[in-house]
Amino acid sequence: MTKSQGTKTRRAPKGTPALDRLYLLDLSGGRVLSLNPDGSDKTIIATDCRFPDGVAVDAEAGHVYWTNMGVPHLNDGSIERADLDGRNRRTIVAQGATFTPKQLHLDKESGKLYWSDREGMRVMRANLDGSNLETLVQTGQGDTDRRDQTRWCVGITIDSQRGQFYWTQKGPDDAGLGRIFRANIDTPKGEGPTDRSDIELLFDGLPEPIDLELDVENRVLYWTDRGDPPLGNTVNRASIPGAPGRLGKPEILLTHLMEGIGLALDLPGDRLFVTDLAGSVYTARLNGSEKRPILMAQGNLTGIAYVH
């Protein structure tokens, strides 16, 4: 059993855990974990997850949600929900209803879950109980398109104030073909997920962008990139307008990640958290300064969420 700063991993006790917590996913171990932001009190929420990737938390309702990628060629991805202490675990989006679900975003105001579906080549959403499953964007159809990794949707974040969502299409490994897009949550009248006229390409030529987070008030978009250095294995940010207009130049905040994946922001606390596939969790200020590890060698870590 691995240790974190001298504290053994333990099972979640009954009752609702204290807030100000991180929730993260161990891909190789198939686990959902929670811990304090300093890395202490690492607690197992769920085990036997089928390659978990994206995580979101509804602290008010006491639920944690996560995506299971499953085995990509089998089209058997799913989404699960459990109480914050791991009880009452249930599948809310059944295997095969989504192909390879990746980053997950919870929009409490609308009562919706949003996620990117990689091999499914789409952006999807559903109610918090998994009902009313919808496809918002479809970038390809069938096995031939599926082999084109520029069509693969990975990261997702929502601007509920402006009624917009953002997503990444990572491209092939280290190819410099990654892109970040934006569209309106409401599909234009008379259009569908394959022919939307409101899709904006914000950034292209990126090494391999993965997860997204948005500072809505300050109009700053953050993302991880697992591609090759110097632009990859990084955390980045750029200012974005609320409507089509001049974009800020991407700024690299953190470097020397080992395939950076998950990202979470604590805006009031002026800090961010990031995971990588080498099993590390780092924290830093929002400008990238004061970077330090809070966990190391914890398997292959993917999604992360912060709850205050």
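Just so you know, these numbers come straight off a predicted model, no measurement behind them. In what follows, every heavy atom counts, from backbone to side chain, and hydrogens, waters and symmetry copies are set aside.
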For residues [X] and [Y], report the shortest heavy-atom separation together with the two atoms involved.
X: Gly227; Y: Asp225; answer: N-OD1, 2.8 Å
X: Thr135; Y: Pro193; answer: O-CB, 3.7 Å
X: Arg196; Y: Val137; answer: CD-CG2, 4.1 Å

Check whether any side-chain heavy atom of [X] lies under 4.5 Å from a side-chain heavy atom of [Y], and answer yes or no.
X: Leu254; Y: Val274; result: yes
X: Ile44; Y: Leu33; result: yes
X: Tyr166; Y: Leu202; result: yes
X: Leu136; Y: Tyr114; result: yes
X: Met121; Y: Arg146; result: yes

Test Leu277 against Ile261 for side-chain contact (heavy atoms from CB on, under 4.5 Å), laying out the working first.
-> CA-CA 7 Å; Leu277 289 182; Ile261 303 292; 3.8 Å; yes
Would Tyr282 and Asp276 count as a side-chain contact (heavy atoms from CB on, under 4.5 Å) if you check the C-alpha gap in whole Å, the side-chain angles of each, and the deciding distance to 0.1 Å?
-> CA-CA 9 Å; Tyr282 295 95; Asp276 66 23; 3.7 Å; yes
Regarding [X] and [Y], does a basic nitrogen lie under 4.0 Å from an acidic carboxylate oxygen?
X: Asp107; Y: Lys112; answer: no
X: Glu290; Y: Arg271; answer: no
X: Arg182; Y: Glu200; answer: yes
X: Asp48; Y: Arg89; answer: no
X: Asp186; Y: Lys189; answer: no

Applying side-chain contact (heavy atoms from CB on, under 4.5 Å), run through Ile158 and Gln164 and close with a yes or a no.
-> CA-CA 6 Å; Ile158 308 298; Gln164 298 171 319; over 6 Å; no
When you check the side-chain N and O atoms of [X] and [Y], is any donor under 3.5 Å from an acceptor?
X: Arg122; Y: Thr139; answer: no
X: Asn233; Y: Arg226; answer: no
X: Ser28; Y: Asp26; answer: yes
X: Glu80; Y: Asn68; answer: yes
X: Glu191; Y: Ser197; answer: yes
X: Glu217; Y: Gln161; answer: yes
X: Thr168; Y: Trp223; answer: no
X: Thr67; Y: Asp53; answer: no
X: Arg31; Y: Thr47; answer: no

Short side-chain to backbone donor-acceptor contact, [X] and [Y], under 3.5 Å:
X: Glu119; Y: Thr100; value: no
X: Ser40; Y: Asp38; value: no
X: Asp198; Y: Asn184; value: yes
X: Asp83; Y: Asp85; value: no

Output for pair (Gln138 CD, Asp117 CG), nearest 0.5 Å, gives 8.0 Å
Apply the test side-chain contact (heavy atoms from CB on, under 4.5 Å) to residues Asn36 and Leu22: give CA-CA distance (whole Å), side-chain angles for both, the deciding distance (0.1 Å), then the verdict.
-> CA-CA 6 Å; Asn36 291 327; Leu22 291 172; over 6 Å; no
Kindly indicate, with the supporting measurements, whether the criterion salt bridge (Lys or Arg N to Asp or Glu O under 4.0 Å) is fulfilled by Arg219 and Asp159.
-> CA-CA 10 Å; Arg219 308 302 306 152; Asp159 181 352; 2.8 Å; yes
Just one of Leu25, Val281, Leu295, Thr302 clears the side chain to side chain contact (heavy atoms under 4.5 Å, CB included) bar with Thr275, so which one?
-> Val281
May I ask you to decide if the ring planes of His308 and Tyr306 are parallel, tilted or perpendicular, using 30° and 60° as cut-offs?
-> parallel
